[in-house]
K.L.:
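Can you read through this structure? Questions will come right after.
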Amino acid sequence: FVFSRYREKMDKSLERADIPLRAEELLIISFLSGLTMTAIGVLITTSRLFGFLMGLLTIAIIRMTIKNKGSKRVKEINDQLGDALDMIAGSLRVGHSLMQAIETAGNEMPEPISKEFRKIIKEIGIGVSVEEALDNLLDRVPSHDLELLATAIVIQRQIGGNLAEIIDNISGTIRERIRLKGEVK
């Protein structure tokens with residue numbers, strides 16, 4: 001039970017960092033890297049303690065690298081979100097459906113946001129509901145701005161309204177938040 005929760009957490013971290021490994025593979029790589037560095041540390045210094053510390057440090061560095069890469073990727077997606085929303089809103093205004101607009105953004109926007117939009121389209125194409133695909137997106141990319149977008153899309157699908165206008169408002173809110181963060185810095 002504990003391992004399955006750890007595996008789920010590591011799988012999410014790997015997916016967030018866009019590293020094409022499973023938790024089991026990462027565990028093996030980390031273990032072997034730690035073991036190798038332990039052996040190198042013992043050979044260099046003849047101290048088992050130093051070797052053990054080098055092994056632990058190697059494992060910690062691997063975990064920190066994954067976490068940092070995931071955080072960097074989420075930040076890149078947040079930075080691209082305003083432009084992506086403008087593109088989606090423009091596509092909606094010219095008469096495209098929401099899925100066509102997301103597909104356009106997936107094809108036209110740069111990585112990493114385009115990859116996430118393409119994943120949404122793939123999931124919906126295999127029968128996943130729009131709401132579930134958006135929830136999966138939020139699992140992969142924990143972002144308040146994306147959460148705002150997902151909530152707006154779900155509410156609009158249930159109640160109706162002008163989605164292009166709603167997305168424009170969200171885009172403006174995101175841009176204003178980014179501007180204020182820049183001023184604070």
Side-chain angles (χ1 to χ4, degrees), residues 7-23 25-26 63-182 185:
R7 186 179 69 222
E8 284 178 28
K9 185 177 175 185
M10 281 312 303
D11 280 337
K12 281 185 182 183
S13 294
L14 289 166
E15 192 170 22
R16 186 172 298 136
D18 198 29
I19 297 173
L21 292 175
R22 293 189 335 255
E25 295 167 331
L26 177 66
R63 291 193 54 149
M64 285 189 315
T65 301
I66 291 168
K67 186 174 182 179
N68 288 340
K69 187 172 180 186
S71 296
K72 181 181 175 193
R73 187 168 181 270
V74 169
K75 184 184 179 323
E76 288 174 0
I77 289 171
N78 280 331
D79 291 345
Q80 295 174 328
L81 191 56
D83 293 335
L85 293 181
D86 290 342
M87 184 178 291
I88 290 171
S91 292
L92 290 170
R93 268 193 225 90
V94 298
H96 290 143
S97 70
L98 176 62
M99 292 309 106
Q100 289 171 324
I102 291 173
E103 186 173 17
T104 299
N107 292 332
E108 301 292 328
M109 290 296 298
E111 292 285 335
I113 200 164
S114 62
K115 187 172 188 176
E116 292 301 328
F117 286 142
R118 288 192 305 268
K119 283 182 183 178
I120 290 172
I121 295 302
K122 275 184 188 175
E123 287 179 357
I124 292 170
I126 62 171
V128 175
S129 70
V130 172
E131 290 81 4
E132 195 174 339
L134 292 170
D135 283 342
N136 293 341
L137 171 66
L138 292 173
D139 280 345
R140 291 188 304 268
V141 185
S143 162
H144 294 296
D145 295 336
L146 277 175
E147 191 173 335
L148 184 62
L149 173 65
T151 302
I153 290 171
V154 169
I155 290 172
Q156 187 277 337
R157 289 177 63 84
Q158 293 171 352
I159 297 173
N162 185 345
L163 186 57
E165 186 178 324
I166 293 168
I167 290 175
D168 276 336
N169 290 336
I170 292 171
S171 177
T173 301
I174 290 169
R175 289 181 195 284
E176 185 65 21
R177 185 182 308 162
I178 290 171
R179 187 187 66 76
L180 286 173
K181 282 182 182 178
K185 284 184 180 179

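Please read these numbers as outputs of a predicted model, since none were measured by experiment. Sequence positions, counted from 1, serve as the residue numbers for this chain. The figures here come from the full heavy-atom set of this structure, side chains too, leaving out hydrogens, waters and symmetry mates.
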K.L.:
Mind running side chain to side chain contact (heavy atoms under 4.5 Å, CB included) on Ile170 and Ile174 for me, showing each step along the way?
P.N.:
CA-CA 6 Å; Ile170 292 171; Ile174 290 169; 3.8 Å; yes

K.L.:
Nearest 0.5 Å, please: how far is CD in Glu108 from CD1 in Ile113?
P.N.:
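So the gap between those two atoms works out to 13.5 Å.
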
K.L.:
State, yes or no, whether a side-chain contact exists between Leu180 and Glu176 at a heavy-atom distance under 4.5 Å.
P.N.:
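Yes, their side chains come closer than 4.5 Å.
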
K.L.:
Which atom names give the shortest non-hydrogen contact between Leu85 and Ile167, and what distance separates them?
P.N.:
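Heavy-atom minimum between the residues: O-CG2, 3.3 Å.
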
K.L.:
Any idea which heavy atoms bring Pro142 and Arg16 closest together, and the distance?
P.N.:
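Nearest pair, atom of Pro142 first, then Arg16: CD-NE, 3.1 Å.
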
K.L.:
Just so I know, are the side chains of Ile120 and Glu103 near enough to count as touching, which here means a heavy-atom distance under 4.5 Å?
P.N.:
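Counting from C-beta outward, Ile120 and Glu103 never come under 4.5 Å.
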
K.L.:
Would you call Glu111 and Glu76 a side-chain contact if the rule is heavy atoms closer than 4.5 Å?
P.N.:
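No, every pair of side-chain atoms sits at 4.5 Å or beyond.
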
K.L.:
For a quick test of reading the model, state the closest non-hydrogen atom pair linking Leu14 to Ala23 and the distance between them.
P.N.:
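Looks like CD1-N, 3.9 Å.
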
K.L.:
If I compare all heavy atoms of Ala84 with all of Phe117, which pair ends up nearest, and what's the gap?
P.N.:
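Shortest heavy-atom contact: CB-CE1, 3.6 Å.
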
K.L.:
Distance check, rounded to the nearest 0.5 Å: Gln100 atom CD versus Leu92 atom CG?
P.N.:
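The distance works out to 9.5 Å.
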
K.L.:
Under 4.5 Å between any side-chain heavy atoms of Leu137 and Val141, yes or no?
P.N.:
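Leu137 vs Val141: side chains touch.
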
K.L.:
Return the minimal non-hydrogen interatomic distance between Ala133 and Glu123, and the atom names on each side.
P.N.:
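What the structure gives for the nearest pair is CA-OE1, 3.3 Å.
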
K.L.:
Which distance, rounded to the nearest 0.5 Å, do you find between the CD1 of Ile102 and the CD1 of Ile153?
P.N.:
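Rounded to the nearest 0.5 Å, the CD1-CD1 separation comes out at 5.0 Å.
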
K.L.:
Looking at CD of Glu147 and CG of Leu138, how far apart are the two atoms once the value is rounded to the nearest 0.5 Å?
P.N.:
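Those atoms lie 6.0 Å apart.
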
K.L.:
Assess, by modelled atom type and distance only, whether the side chains of Ser114 and Arg118 contain a donor and an acceptor separated by less than 3.5 Å.
P.N.:
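Distance-only check passes for Ser114 and Arg118.
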
K.L.:
Can you measure from CD1 (Ile19) to CE (Met10) and round to the nearest 0.5 angstrom?
P.N.:
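CE of Met10 is found 8.0 Å from CD1 of Ile19.
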
K.L.:
Tell me the closest heavy-atom pair linking Ile124 and Ser129, and the distance in Å.
P.N.:
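For Ile124 versus Ser129, the nearest heavy atoms are CG1-O, 4.4 Å.
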
K.L.:
Could you check whether Arg22 pairs with Asp11 (Lys NZ or Arg NE/NH1/NH2 to Asp/Glu carboxylate O, under 4.0 Å)?
P.N.:
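Judged by the 4.0 Å cut-off on N to carboxylate O distance, Arg22 and Asp11 do not form a salt bridge.
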
K.L.:
Begin from the C-alpha positions of Lys12 and Arg7 and carry the test side chain to side chain contact (heavy atoms under 4.5 Å, CB included) through to its verdict.
P.N.:
CA-CA 9 Å; Lys12 281 185 182 183; Arg7 186 179 69 222; over 6 Å; no

K.L.:
Is the shortest side-chain N to carboxylate O distance from Glu15 to Lys69 below 4.0 Å?
P.N.:
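Lys69 and Glu15: not salt-bridged.
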
K.L.:
Looking at Arg177 and Asp145, is there a salt bridge between them, counting it only when a charged N and a carboxylate O are closer than 4.0 Å?
P.N.:
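So Asp145 pairs with Arg177 through a salt bridge.
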
K.L.:
Begin with the C-alpha distance, continue with both residues' side-chain angles, and end with the deciding distance and a verdict on side chain to side chain contact (heavy atoms under 4.5 Å, CB included) for Thr104 and Ile88.
P.N.:
CA-CA 7 Å; Thr104 299; Ile88 290 171; over 6 Å; no

K.L.:
Should Arg140 and Glu116 count as side-chain neighbours, where that means a heavy-atom distance under 4.5 Å?
P.N.:
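In short, these two side chains touch, coming nearer than 4.5 Å.
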
K.L.:
Taking side chain as C-beta onward, heavy atoms only, is Asn68 less than 4.5 Å from Thr65?
P.N.:
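They are not in contact (no side-chain heavy atoms under 4.5 Å apart), so the answer is no.
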
K.L.:
Output every pair passing side-chain hydrogen bond (donor to acceptor under 3.5 Å, both in side chains) with a member in residues 157-167, not counting sequence neighbours, ordered by first then second residue.
P.N.:
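Residue pairs with at least one partner in residues 157-167: there are none.
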
K.L.:
Could you walk me through whether Met87 and Met109 pass side chain to side chain contact (heavy atoms under 4.5 Å, CB included), step by step?
P.N.:
CA-CA 9 Å; Met87 184 178 291; Met109 290 296 298; 3.8 Å; yes

K.L.:
Run the salt-bridge test on Asp83 and Arg175 with the 4.0 Å N-O cut-off and return the result as yes or no.
P.N.:
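Between Arg175 and Asp83 there is a salt bridge, with a charged N closer than 4.0 Å to a carboxylate O.
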
K.L.:
Rounded at 0.5 Å granularity, tell me how far CG in Leu81 sits from CG in Leu149.
P.N.:
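These two atoms lie 6.5 Å from each other.
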
